[in-house]
Amino acid sequence: MRDHLDDLGPETVVVMVTFTEPDRLLDYRRRHDLPFPVLIDRQRTTYRAYGLGRGRVMRVWGRRAIGRYIELVRANGLRGVRAPREDSLQLGGDFVVAPDGTLAWGFWSEGPDDRPDVSELIGAVAACTG
């Protein structure tokens, strides 16, 4: 998505919402050089308001995730592999809010690797900002 921010148009505001701790967010922002605001919602009020539920354990921690951890251990040993420090079952989503404040488009993730196609998201922004 980062490579497509210019495609959204100058009137579009991108905001990320997370429930992480502020000290973890600072490190994340530094590593990823995020060019947009990030809001912290510790109580997950926004997550509930947008209907973002919790993932199934086997969908979130299935073969793919376990395989990735095995790859990391093989490459680096146990250093660098940490147990999750936050709720790994909380699902996310991507939303487009129209200029009048209504929800114009939404994508509700079914797992940690479930993301909308960037072109679909850009199309949804274009459709409501026209």
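Quantities reported herein were computed from a predicted structural model and do not represent experimental measurements.
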Tell me the closest heavy-atom pair linking [X] and [Y], and the distance in Å.
| X | Y | answer |
| --- | --- | --- |
| Thr20 | Arg24 | OG1-CB, 3.5 Å |
| Pro99 | Cys128 | CD-O, 3.6 Å |
| Trp108 | Gly51 | CD1-O, 3.7 Å |

From [X] atom [atom1] to [Y] atom [atom2], the distance as rounded to the nearest 0.5 Å:
| X | Y | atom1 | atom2 | value |
| --- | --- | --- | --- | --- |
| Thr18 | Asp41 | OG1 | CG | 9.0 Å |
| Thr12 | Asp6 | OG1 | CG | 11.0 Å |
| Glu21 | Leu26 | CD | CG | 11.5 Å |
| Met16 | Arg29 | CE | CZ | 9.0 Å |

Following the transitive rule for hydrophobic clusters with a side-chain heavy-atom cut-off under 4.5 Å over Ile, Leu, Val, Met, Phe, Trp and Tyr, establish whether [X] and [Y] coincide in one cluster.
| X | Y | value |
| --- | --- | --- |
| Leu39 | Val13 | yes |
| Leu121 | Val14 | yes |
| Tyr47 | Tyr50 | yes |
| Phe36 | Val118 | yes |
| Val17 | Phe19 | yes |

Please check this pair: side chain of [X] against backbone of [Y], looking for a donor-acceptor N/O pair closer than 3.5 Å.
| X | Y | result |
| --- | --- | --- |
| Ser109 | Leu91 | no |
| Arg48 | Gln43 | yes |
| Gln90 | Gly53 | yes |
| Trp105 | Asp94 | no |

Requested in this report: Would you sort out whether Phe95 and Leu52 count as a side chain to side chain contact (heavy atoms under 4.5 Å, CB included), showing the intermediate values?
Outcome: CA-CA 11 Å; Phe95 303 96; Leu52 297 168; 3.9 Å; yes

**Report entry** Val125: which of Val97, Asp7, Val96 passes side chain to side chain contact (heavy atoms under 4.5 Å, CB included)
**Finding:** Val96

Query raised in the report: Quick one: which of Val38, Asp23, Leu34 gives a side chain to side chain contact (heavy atoms under 4.5 Å, CB included) with Tyr28?
Result: Leu34

Query - Over 12 non-hydrogen atoms of neighbours within 6.0 angstrom of CZ in Arg42 - result: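 Check passes, neighbour count above 12.
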
Report task. For Asp27, check salt bridge (charged side-chain N to carboxylate O under 4.0 Å, His left out) against everything at least two apart and list the hits. Result ->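 Result, salt bridge (charged side-chain N to carboxylate O under 4.0 Å, His left out) vs Asp27: Arg31.
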
